[in-house]
There are 4 protein chains.
Amino acid sequence: MSSIKERKIRKKKEEILRAAAAIFAKKGYHGTTMEDVAAKLLMTKGSMYYYFKNKDELLYHCHKMIMDLSITKMKEIIASSKSATEKLENAIKAHITLATSEKSMFMVMHKPSQHFTDDYLQDILQDRTTYAQYFDEIILEGILKKEFNHVDVKMVRMILLGALNWTQEWYDPNGEKSAEEISETFANYLLKMLVKQ
Amino acid sequence: MSSIKERKIRKKKEEILRAAAAIFAKKGYHGTTMEDVAAKLLMTKGSMYYYFKNKDELLYHCHKMIMDLSITKMKEIIASSKSATEKLENAIKAHITLATSEKSMFMVMHKPSQHFTDDYLQDILQDRTTYAQYFDEIILEGILKKEFNHVDVKMVRMILLGALNWTQEWYDPNGEKSAEEISETFANYLLKMLVKQ
Amino acid sequence: MSSIKERKIRKKKEEILRAAAAIFAKKGYHGTTMEDVAAKLLMTKGSMYYYFKNKDELLYHCHKMIMDLSITKMKEIIASSKSATEKLENAIKAHITLATSEKSMFMVMHKPSQHFTDDYLQDILQDRTTYAQYFDEIILEGILKKEFNHVDVKMVRMILLGALNWTQEWYDPNGEKSAEEISETFANYLLKMLVKQ
Amino acid sequence: MSSIKERKIRKKKEEILRAAAAIFAKKGYHGTTMEDVAAKLLMTKGSMYYYFKNKDELLYHCHKMIMDLSITKMKEIIASSKSATEKLENAIKAHITLATSEKSMFMVMHKPSQHFTDDYLQDILQDRTTYAQYFDEIILEGILKKEFNHVDVKMVRMILLGALNWTQEWYDPNGEKSAEEISETFANYLLKMLVKQ
DNA sequence: GATGAATGAGGGTTCATTCAT
DNA sequence: AATGAATGAACCCTCATTCAT
């Protein structure tokens, strides 16, 4: 049970993470100063150290925040009683939804090995593997259920994730296509690689 | 006609760019120091300024080197008298070949807007647009020649480029699949989105 | 109304400016390192950037400090209800007093165009012009009131300022003549150029 | 007797000194790079080291060049069979002529103690003392010959030199007054301090 | 005599981090 | 909980100087 105090702190932490993510996304991790983040929050540099013990921690928790969301969502999808085709469609849509609605957080995740070493890195890579495996699972399920062709699971997953992650490089909230429409289109085209015609 | 001296200097510049790219790829642009690059070349920091007037210039010329190669290759492919299907296959293969054989250079190109401003950025973005247009051209040609389905050109191109660029995130020269095999597999799957069945 | 904190910071800034001026005067602007200044104040190089955002700023504020004093003093003199002769005497004395009591600051002002560009330079030159005009004003007043001969105002002003500024090149606090005496002597001789005999 | 070769070298050295002086005057000693000087002469940095063994030497010889001219001229004036008044007039004119015609060289001489140490500095200061003494000599002669009032020689000399040196701060070859006219005016006013009326 | 290339010592500046208040 | 001030380690870049060719 969390006290009001704890909730307040947690809320503040999240605010900080969002501000940090926004700036990391724009300027890159190294290009961002603690000052930048503090300024965006109308705090002072020093104050942030009360909530996060250093800059790495900021980045690490950004990763965690988004990976937690992603993995939770995938678990739901996997657990649903849908066809593999529908699951994959949903996974694609969920990924794009997250990549666009949480664009900054998502962008921050680029190249963790450039910023972390040791434990944090292991942890993050583990999350990524987990996430990838969910995709593999769906694809495999589709193959077994004869919904999908007999594809090279890993290769197909790489194509999927590549296409999906790339969205955050070009997606523009004010662009001509909404995230929703992009999702539809992507699911449509990408499934052509898989489903029997 | 270039004198021996000019050739020597050009060679040196290329050496420097390769060393820089390798380290940029590993540590990121901001995470790389001029010292790092110099050390890799057994030079002193100061000497590098004889060849490139600052760190930005190093990054910029890495971009140019790889974009020049990419665009040149694409021009060849476009100009060839092949079917659109074959052209797209070749483009996919060429992209993967470059992304894997020149992995470091390729990785360096991530997020130019985080590192450049103004003219350099415009120049780089222009190159990217040009490159993207070649893909569009092939796809369009395929549609007109009835080789491809009537797809949304931009969306398909985005899927293609996403999948292709993502390779450099996971491709491992010592991995179980060679770049060649990956190319084949990718071309195979990706074309399913396009060609009539 | 200034808080204690503000006063403290202002005091610190002034300390820094005085230290900087002392070293600029001895070694010249370019010959002075931020380290030099910091060392004199028992600070670290980095700390100084908390108060002044760069080395230029240090020099600029030295200029401002002394020009403000000079101009304020001149305004007083001009506003006083004395004869032009007395005003000029007072101006001469004031100038020498400042040039000797704030020797370092004064010396720093040499050749602003070698150190500044653009706005700062314009600002400084404007102050100088203002200061020069006060001298012209007094001389002109003297001429109109028939206290002075009908001299070429600008030339006489140049002679005056040249002689006065030069003092800081040779004045020695331990020398045989006090600043006071020098003032007297200078006023005495220089007025001979002007007053009717 | 100097060979053609020696003369050629001497000429080149003088060219270099003039170029150096011009840039020292504009940018200050520390603000000037060997590259700057070389570029102005269409040479390479390295080549200059054939003629002058380092940057200090460049500055030192600038000083010497102008001091030699100044002192030579003063010797002539002193040796002439003119009245003290005329000698002083000539000295004033000579000084201004040099300060304006060799503006750059003249400006270079500012604050030798900021740039030299030890022997070079002693040497330069000695030259300055010598030069100052010539002025003192003329003033003293004027007093003894009853042409001048019984003034404080050193003070008057300081006023004279101050006014004269200051000219190079404001003299503009395209200004409304020629160097010639300035000389006349200055001699006229400055002598008022000295000559009996 | 001239030069291209290299060097290395510094200098200005930035910034993550700390800590007393 | 917050902050102002200080620190020091790095980093980019400059430049006088050297030297083989």
Side-chain angles (χ1 to χ4, degrees), chain A residues 5 8-9 12 29-38 41-59, chain B residues 3-6 8-9 12-13 29-38 41-58, chain C residues 3-6 8-9 12-13 27 29-38 41-59, chain D residues 5 8-9 12 29-38 41-59:
Chain A
K5 204 181 215 173
K8 221 175 135 189
I9 286 197
K12 192 93 183 186
Y29 177 68
H30 277 113
T32 299
T33 72
M34 293 299 268
E35 185 87 44
D36 288 338
V37 180
L41 292 158
L42 305 176
M43 295 175 125
T44 57
K45 229 183 344 180
S47 307
M48 286 193 342
Y49 283 84
Y50 180 78
Y51 298 96
F52 293 95
K53 80 171 202 286
N54 55 34
K55 200 181 163 189
D56 280 16
E57 204 92 334
L58 235 43
L59 183 62
Chain B
S3 69
I4 290 180
K5 212 162 240 168
E6 278 167 342
K8 219 171 140 190
I9 219 175
K12 190 92 185 192
K13 281 191 176 189
Y29 177 69
H30 278 116
T32 298
T33 72
M34 292 301 269
E35 187 92 42
D36 289 339
V37 181
L41 292 158
L42 304 176
M43 290 176 127
T44 57
K45 217 176 9 169
S47 304
M48 291 202 334
Y49 286 87
Y50 185 77
Y51 297 96
F52 293 96
K53 78 172 201 287
N54 55 35
K55 201 182 163 188
D56 279 17
E57 204 92 334
L58 234 43
Chain C
S3 70
I4 290 181
K5 212 162 239 168
E6 278 168 341
K8 217 172 140 190
I9 218 174
K12 191 93 185 190
K13 281 190 177 191
K27 303 192 179 185
Y29 178 69
H30 279 116
T32 298
T33 72
M34 293 300 270
E35 187 94 43
D36 288 339
V37 180
L41 291 158
L42 304 175
M43 292 175 125
T44 57
K45 212 169 26 159
S47 304
M48 290 199 338
Y49 285 85
Y50 185 79
Y51 298 96
F52 293 95
K53 80 172 199 289
N54 56 34
K55 201 181 163 189
D56 278 18
E57 205 93 333
L58 233 44
L59 184 61
Chain D
K5 204 181 213 176
K8 224 174 133 187
I9 286 197
K12 191 92 182 187
Y29 177 69
H30 277 115
T32 298
T33 72
M34 293 299 268
E35 186 87 43
D36 288 338
V37 180
L41 292 158
L42 306 175
M43 295 175 124
T44 57
K45 229 183 344 180
S47 307
M48 287 194 341
Y49 283 84
Y50 181 78
Y51 299 97
F52 293 95
K53 80 170 202 286
N54 56 34
K55 200 181 164 189
D56 280 15
E57 204 92 332
L58 234 45
L59 183 62

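To find a chain, count down the sequence lines: A is the first, B the second, and so on, and within it residues start at 1.
Legend: residues meeting side-chain hydrogen bond (donor to acceptor under 3.5 Å, both in side chains) with D/D56, ordered by chain and number and at least two apart, are D/Y29. In this structure, the salt bridge (charged side-chain N to carboxylate O under 4.0 Å, His left out) partners of C/K27, at least two apart in sequence or on a different chain, are C/D36. Residues passing the side chain to side chain contact (heavy atoms under 4.5 Å, CB included) test with D/T44 are D/S47, sequence neighbours excluded.
For E/dA2, the OP1/OP2 oxygens have no side-chain nitrogen or oxygen of D/S47 closer than 4.0 Å.
In this model, a side-chain donor or acceptor of C/K45 finds a partner on the base of E/dT13 within 3.5 Å.
Across the protein-nucleic acid pair, B/H30 atom NE2 and E/dC15 atom C1' stand 13 Å apart, rounded to whole Å. Following rounding to the nearest Å, C/L59 (CG) and E/dG12 (P) show an atom-to-atom distance of 13 Å. Rounded to a whole Å, the CZ atom of D/F52 is 14 Å from the P atom of E/dG1. The separation between C/K27 atom NZ and E/dG11 atom C1' is 12 Å, rounded to whole Å. One interatomic measurement links the two molecules: CG of C/D36 to P of E/dT13, which rounds to 14 Å at whole-angstrom precision. Rounded to a whole Å, the CE atom of D/M34 is 14 Å from the P atom of E/dT3. Rounded to whole angstrom, the span from the CD1 atom of B/I4 across to the C1' atom of E/dG4 amounts to 15 Å. Put simply, OH on D/Y50 is 7 Å from P on E/dA2, counting in whole angstrom units.
Note: B/M48 CE to B/K55 NZ = 10.0 Å, rounded to the nearest 0.5 Å.
Secondary structure note: stems in DNA chain F built from 3 or more consecutive Watson-Crick or G-U wobble pairs under 3.5 Å occupy E:2-21 with F:2-21.
Using a 4.0 Å heavy-atom cutoff across all strands shown, C/L58 reaches no nucleic acid atom at all. Heavy atoms of B/Y51 sit under 4.0 angstrom from primed sugar atoms or phosphate atoms, though from no base atom.
Annotation: salt bridge (Lys or Arg N to Asp or Glu O under 4.0 Å) contacts involving residues 42-53 of chain D, sequence neighbours excluded, comprise D/E35-D/K45, D/K53-D/E57.
Nearer the 5' end of DNA chain F, as judged by each residue's closest nucleotide, is the contact made by A/M48, out of C/L42 and A/M48. Checking C/T44 against B/G46, the closest nucleotide of DNA chain F that is more toward the 5' end is the one next to C/T44. Each of C/Y49 and B/K12 was assigned the nucleotide of DNA chain E with the nearest heavy atom; the assignment lying further toward the 5' end belongs to B/K12.
Side-chain contact check for C/M43 versus C/Y50: every heavy-atom pair is 4.5 Å or farther apart. No side-chain heavy atom of D/L41 sits less than 4.5 Å from a side-chain heavy atom of D/K12.
Contacts between chain A and DNA chain F, taken as any atom within less than 4.0 angstrom of a protein heavy atom, begin and end at F/dA1 to F/dG4.
For the residue pair C/N54 and C/Y49, the shortest heavy atom distance occurs at CA-CE2, 3.9 Å.
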